[in-house]
K.L.:
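What follows is a structure written as structure tokens; I'll ask about it next.
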Amino acid sequence: MSDPTHKNFYERLEVHPHADEEEIREAYHRIRRVYGGDSMAAYGLYSPDELREYLDQVEEAFRTLADPERRQEYNRTLFSTAEHETVVKVSARRTPSPTTDVYESEEREEKREPKFIPVETDTVVEVPEPASKEIKPAPNPNALPPRPPAPDVEEDVVFSGAEIRRFRELAGVELRDVSEYTKISPGMLRMIEDEDFTHLPALVYVRGFVTEYAKYLRLDPNWVARDFLARYREHQDEKG
């Protein structure tokens, strides 16, 4: 059992920073099942004190990440001090505010003169209603770029960094397009394609980055992450 005190809360629960609340709870209960109580997985391998310390660390991580406010505060601290780039969530989409033309149109509507104006004679003069100004919807500055269509994938494909690059190039998109959609920096995406395992961050972060990259290309994220992380682990094992 590695020392959990040297791991951040996501690593303690073995989830990536993109994980939602359900994934965090599942990871927590999985660890409790494996290492808690009379579990045979821990029997004879670790002392009671070691297990107790480990489970305390897991409990602390879960209490923080399961609480949205505490998780947001923890993320702010973690991501500002991390040595490598960490995940950045996609900005929440906002509904664009009405343009000035809309408000001006409403004010003009309230101040509009009546259609029929009485005059001194019995004749009623009809005043034509001014032509309404067509109001075009304002562009949404938070709209995401379109994703490429789903590609045809051979059954024997092994998703290395080079294969991920090949599918991106087949889709005719640049790294900046992927970065704009996923909010992952072009430098991090390039390290994934180049399999620069020496400079890539911890596995928990790489899993999240690769998963989001695969989703953008409309590839099976589980398939892509499985193949790529297998190569990542091989490099880590060789490195010792």
K.L.:
Do Glu154 and Arg166 meet the salt-bridge criterion of a basic N to acidic O distance under 4.0 Å?
P.N.:
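Yes, Arg166 and Glu154 are salt-bridged.
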K.L.:
About how many Å separate CD1 of Ile31 and CD of Glu26, when rounded to the nearest 0.5 Å?
P.N.:
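If I round to the nearest 0.5 Å, the distance is 12.5 Å.
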K.L.:
To the nearest 0.5 Å, tell me how far Leu219 CG sits from Arg168 CZ.
P.N.:
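Between atom CG of Leu219 and atom CZ of Arg168 there are 12.5 Å.
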K.L.:
Donor-acceptor pair, distance only, cut-off 3.5 Å: does the side chain of Tyr213 make one with the backbone of Val224?
P.N.:
no
K.L.:
Determine whether the aromatic ring centres of Phe159 and Phe167 lie less than 6.0 Å apart.
P.N.:
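Yes.
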K.L.:
Answer yes if the side chains of Glu195 and Tyr232 hold a donor-acceptor pair under 3.5 Å, and no otherwise.
P.N.:
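No.
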K.L.:
CZ/Arg207 to CZ/Arg226 distance, rounded to the nearest 0.5 angstrom?
P.N.:
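Arg207 CZ to Arg226 CZ: 13.5 Å, rounded to 0.5 Å.
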K.L.:
Got a second to check how far Glu193's CD is from Leu175's CG, nearest 0.5 Å?
P.N.:
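That separation rounds to 5.0 Å.
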K.L.:
Is it the case that the side chain of Arg147 and the backbone of Lys215 share a donor-acceptor pair, with hydrogens and angles ignored and the cut-off at 3.5 Å?
P.N.:
yes
K.L.:
Mind checking whether Leu200 and Met188 have side chains closer than 4.5 Å, heavy atoms only?
P.N.:
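Yes. Closest side-chain heavy atoms under 4.5 Å.
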K.L.:
Indicate yes or no: does Glu21 engage Arg25 in a salt bridge with an N to O separation below 4.0 Å.
P.N.:
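Looking at Glu21 and Arg25, the cut-off is met.
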K.L.:
Any ion pair linking Glu73 and Arg76 (charged N to carboxylate O, less than 4.0 Å)?
P.N.:
yes
K.L.:
Output yes when a side-chain donor or acceptor of Thr64 lies under 3.5 Å from a complementary backbone atom of Arg71, and no otherwise.
P.N.:
no
K.L.:
Looking only at heavy atoms, what is the nearest atom pair of Arg30 and Leu13, with distance?
P.N.:
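Closest pair (atom of Arg30, atom of Leu13, distance): NH2-O, 4.0 Å.
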K.L.:
With clusters defined by side-chain heavy atoms of hydrophobic residues (ILVMFWY) lying less than 4.5 Å apart, directly or transitively, does Trp223 cluster with Phe209?
P.N.:
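Yes, one cluster joins them.
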K.L.:
Taking all non-hydrogen atoms of both residues, which atom of Glu212 and which atom of Ile184 are closest, and how far apart?
P.N.:
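The answer is CB-CD1, 4.0 Å.
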K.L.:
For the residue pair Pro148 and Arg218, what are the closest heavy atoms and their distance?
P.N.:
O-NE, 2.6 Å
K.L.:
Is Thr182 reaching over with its side chain to a backbone N or O of Val178, donor-acceptor style, under 3.5 angstrom?
P.N.:
yes
K.L.:
Ion pair present between Asp194 and Arg165, side-chain N to carboxylate O less than 4.0 angstrom?
P.N.:
yes
K.L.:
What's the shortest heavy-atom distance between Ala202 and Glu11, and which atoms?
P.N.:
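Closest approach of Ala202 to Glu11, heavy atoms only: CB-OE2, 3.2 Å.
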K.L.:
Which heavy-atom pair separates Leu189 from Ser179 by the least distance, and what is that distance?
P.N.:
CD1-N, 3.7 Å
K.L.:
Should Phe197 and Phe228 be marked as a ring pair (Phe, Tyr, Trp, His ring centres under 6.0 Å) after you check the CA-CA gap, both sets of side-chain angles, and the distance that decides it?
P.N.:
CA-CA 11 Å; Phe197 297 125; Phe228 188 86; 5.7 Å; yes
K.L.:
Are Tyr54 and Val58 side-chain neighbours, meaning at least one heavy-atom pair lies under 4.5 Å?
P.N.:
yes
K.L.:
Supply the atom-to-atom distance Thr211 OG1 to Asp220 CG, rounded to the nearest 0.5 angstrom.
P.N.:
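Between Thr211 OG1 and Asp220 CG, I get 10.0 Å after rounding to 0.5 Å.
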K.L.:
Ignoring hydrogens and angles, tell me if any N or O in the side chain of Glu163 forms a donor-acceptor pair with the backbone of Ser160 under 3.5 Å.
P.N.:
no
K.L.:
Return the minimal non-hydrogen interatomic distance between Asp227 and Val157, and the atom names on each side.
P.N.:
OD2-O, 3.7 Å
K.L.:
Is there side-chain contact between Tyr10 and Asn75, with heavy atoms separated by less than 4.5 Å?
P.N.:
yes
